[in-house]
Structures are given as structure tokens and as C-alpha cells.
Amino acid sequence: MHPMLNIAVKAARRAGSIIMRASDNLDALTIQHKSLNDLVSEVDRAAEDAIIDILHTAYPDHAILAEETGASGDSEFVWIIDPLDGTTNFLHGFPVYCVSIALSHRGVLSHGVIYDPVRNDLFTASRGRGAFLNDRRLRVSKRERLIDGLIGTGFPFRMFDHADPYVGMMRDFMQKTAGIRRPGAAALDLANVAAGRLDGFWEIGLHPWDMAAGVLMVLEAGGLVGDLEGNTGYLESGRIVAGSPRIFGQMISVIEPHLTPELRTEPPKPASAPA
Ligand code: IPD
Ligand code: CA
Ligand code: CA
């Protein structure tokens, strides 16, 4: 394992143990604090602090883009961190959540870890070296027809601007797939696409830390990732489709009729004229 990936794994496992310890005392802590949100902020922050501490001890000069503490540092190496993906699930004791850590080098995703502390599933990927679940090499599913596919998604839950086109997409996917699942942790959904447990996934309104590690995993498992039109720029737009090569194209065709101008790939800005 690459030493940088190794450090990320150590950080993800440490965060996972903080999360699991807190999950054991969820009820007690809730009664004690009378605010689940405070508790979660506490757990999110404690997990993030532990991750950053481990990464910075190993690589003091690297930059960070983390959900709770934001962006810091200036380096061609940027660690992209979601200390607890699936917060709502965690809050309710619904056991689907994970830690996600990716490393971007000069804007290219080079390593990723997604750790599911409930199942003790460790997903890892390094650019050009494949994706793994524990020691097993991952490949995306071999299913060829969308109608046979199990598709993951995330419902809009904070911003509802795109709720109508989203529901249109969902109505079509209901009829054109074997089933739709909304597990509640986008990073884990992408890892499950890489593992072939889901044939595809789509969501609108994600952040880079929800996607970065999972995107590398899907690509390294032989899948495709794009925005709602199959183009790049998904890490910036937060609109993502991922799947096996066959399923990906069929998903893009289902989504297409529902695209509003705001959901389309932004045209590249014209270079400004010299002053
Ligand atoms: C959320 C989860 C969820 C997705 C949301 C994300 P959080 O992350 O990944 O599945 O639908 O868009 O924001 O807030 O639990 O870290
Ligand atoms: Ca998240
Ligand atoms: Ca989070």
C-alpha cells in the first residue's frame, strides 16, 4: 500500500472508532445534552480533528478541504475529508454511515479511503492501482441492462430548487430499473457502485468531500463518472452520475429529458479579452 494511502487508512480507522464509541452512547448522550445536533457536531468535529491531526503529523505541509473546518493551507496536495458521511442516519441509529478521505495532487484524485465502521468495511483506491474492499479487488457490476439494475440515489433534503426535475428522473428510474435505493451516505453509495453492489448512482447537490474518494473508487473499479450529461466538472457542480460503462450511458439517457438549463453542464467561460 502506498504510504500516503496508509496514513489515510489510519486516520479513517481512528475516526471510525470515535464514531462507533459515540454511537454506543447515542441515547445517553442525547438525554444528557438534549440536542442531537450538538452531539453530532461534537462527533463530526472530534472525528475530523483526529483525521487532520494524523494527516498533518505525517504531512505538515499538505492542504486540507474538510467539511467542518473548511479549506486551509496552500499545497499541490489537498486532503478532502468528510469525517462522518450519513449524519442523519447516525443521528437516528440507522447503521449506514462512513468516513471518507481523498487526496488530490495537482487537481487529480490520487488516493481514496471510505471506511464503514459498522460493517468494518475498508474501501481503498489509488490511481492506476485499482480499488479494493479489504483485500478484495473491486470491479463494477457486469449487468448490461438498466432494467435489471439496482440504482442508488440521494433525495434533495436541504435545497429543494431541483426537486421537480429530480422527481421526474426518479419516476422514470422507478419504471426502468429493478429498484432504487436511498441509503443515506453518498460516499458509501459510490463505494457500493465500485463493489458492484449497486449498478449505478445519481445525486444532485453534493459537496466535494461527499464524492472525492468514491469517484476514484468507481473509476479504479472500471466504472464511469460524470455530471448529469456525462461531462466532467461534477466535483464542482455537485451533480453526479456513476455506474458501470453500460449502465452509465443508459442512466444519462433517462436523466436527459428532465434537465433544466440550471442542471446542464455550464458552458466554458470565454477567455477574457486582454486589457
Ligand atoms: C450527506 C449524505 C447524504 C446525501 C447528502 C450529503 P452528510 O452527507 O451523503 O446521503 O444525500 O447530499 O450531504 O451531511 O451526512 O455528511
Ligand atoms: Ca457528506
Ligand atoms: Ca458529513
Side-chain angles (χ1 to χ4, degrees), residues 8 11-12 14-16 18-20 22-23 26 36-52 64-71 79-102 109 112-118 121 123 150-163 165-167 169-170 173 180-194 197-198 200-218 225 227-228 234-242 263:
R14 180 75 56 83
I18 290 169
I19 292 166
M20 289 313 283
S23 79
L26 212 54
L36 272 170
N37 286 329
D38 281 350
L39 163 68
V40 158
S41 316
E42 217 175 278
V43 173
D44 284 22
R45 237 173 278 126
E48 186 163 304
D49 288 351
I51 293 168
I52 293 175
I64 301 280
L65 174 61
E67 182 173 12
E68 309 306 332
T69 47
W79 292 95
I80 306 172
I81 303 161
D82 191 336
L84 172 51
D85 185 46
T87 303
T88 308
N89 285 348
F90 175 78
L91 273 169
H92 288 258
F94 188 78
V96 179
Y97 41 82
C98 66
V99 179
S100 176
I101 303 174
L109 295 170
V113 179
I114 293 173
Y115 179 54
D116 170 351
V118 177
D121 272 354
F123 297 88
L150 187 64
I151 303 299
T153 188
F155 305 145
F157 73 107
R158 272 190 217 109
M159 296 259 300
F160 297 100
D161 310 18
H162 306 300
Y166 176 82
V167 168
M169 295 170 199
M170 203 162 77
F173 277 123
I180 304 177
R181 297 292 180 268
R182 197 288 191 246
L188 210 46
D189 295 342
L190 288 164
N192 282 325
V193 171
R197 295 164 170 177
L198 290 172
F201 169 76
W202 97 100
E203 187 161 347
I204 298 168
L206 289 178
H207 296 286
W209 45 80
D210 302 314
M211 297 178 274
V215 161
L216 183 63
M217 250 153 242
V218 172
V225 182
D227 68 5
L228 300 178
Y234 43 85
L235 283 184
E236 293 74 30
S237 73
R239 301 187 292 269
I240 189 168
V241 181
L263 288 177

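We count ligands from 1, going down the list as the structure has it; atoms in each ligand are counted the same way.
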So do H162 and L228 actually touch side chain to side chain, heavy atoms under 4.5 Å? no
Atom 5 (C) of ligand 1: closest protein heavy atom, distance to 0.1 Å, is F157 CE2, 3.2 Å
Under 3.5 Å, side chain of E67 to main-chain N/O of W209, donor-acceptor pair present? no
Give yes or no for whether the N/O distance cutoff of 3.5 Å, strictly under, is met between T87 and ligand 1. yes
Could you confirm whether E67 has any N/O/S atom lying under 3.0 Å from the Ca ion (ligand 3)? yes
Distance from atom 11 (O) of ligand 1 to nearest protein heavy atom, with residue and atom: E203 OE2, 2.6 Å
Atoms of ligand 1 less than 4.0 Å from G86 heavy atoms? 7 (P), 15 (O), 16 (O)
Ligand 1 versus H207, non-hydrogen atoms closer than 4.0 Å: side chain, backbone, both, neither? neither
Angle subtended at the Ca ion (ligand 2) by D85 OD1 and D82 OD2, rounded to 10 degrees: 100°
I need the contact type for R182 against ligand 1. Using non-hydrogen atoms and a strict under-4.0 Å cut-off, is it side chain, backbone, both or neither? side chain
Would you mind running through ligand 1 and noting each atom that sits below 4.0 Å from a heavy atom of G184? 2 (C), 3 (C), 10 (O)
For the pair Y166 and F155, name the ring-plane relationship: parallel under 30°, tilted 30 to 60°, perpendicular over 60°. perpendicular
Taking 3.0 Å as the cut-off, does D210 contribute an N, O or S atom near the Ca ion (ligand 3), distance below it? no
Please work out whether any backbone atom (N, CA, C, O) or any side-chain heavy atom from C-beta onward of A186 is under 4.0 Å from ligand 1, and answer side chain, backbone, both or neither. both
Backbone or side chain, does G86 get an N/O/S atom under 3.0 Å to the Ca ion (ligand 3)? no
Indicate yes or no: at least one non-hydrogen side-chain atom of D210 is less than 4.5 angstrom from one of E203. no
A student checking ligand 1 against A185 at a 4.0 Å heavy-atom cut-off should list atoms 9 (O), 10 (O)
Need the ligand 1 atom indices (1-based, order shown) with element for anything under 4.0 Å from a heavy-atom of D82. 16 (O)
Please report the interatomic distance CD1(I114) to CE(M217), rounded to the nearest 0.5 Å. 4.0 Å
Does atom CZ of R14 have more than 12 heavy-atom neighbours from other groups under 6.0 Å away? no
Contact between L84 and ligand 1, counting heavy atoms under 4.0 Å? yes
So do the side chains of V118 and M20 get within less than 4.5 Å of each other, counting heavy atoms only? yes
Does the D189 side chain pair with the main chain of G152, one donor and one acceptor, at a distance under 3.5 Å? no
Checking a contact table here: which protein heavy atom is nearest atom 14 (O) of ligand 1, and how many Å away? R158 NH2, 3.1 Å
Using the side chain to side chain contact (heavy atoms under 4.5 Å, CB included) definition, which of the options N192, I240, V241, I151 pairs with F201? I240
Can you give me the closest heavy-atom contact between R197 and L150, atom names plus distance? O-CD2, 4.0 Å
Is C98 close to F123 at the side-chain level, that is, under 4.5 Å between some pair of heavy atoms? no
Side-chain heavy atoms of I51 within contact of W79, under 4.5 Å: no
If I apply the N/O under 3.5 Å rule, does F155 come out as touching ligand 1? no
For ligand 1, does D85 get within less than 4.0 Å through its side chain, its backbone, both, or neither, judged by non-hydrogen atoms? both
Any heavy atom of N89 under 4.0 Å from ligand 1? The part involved is neither
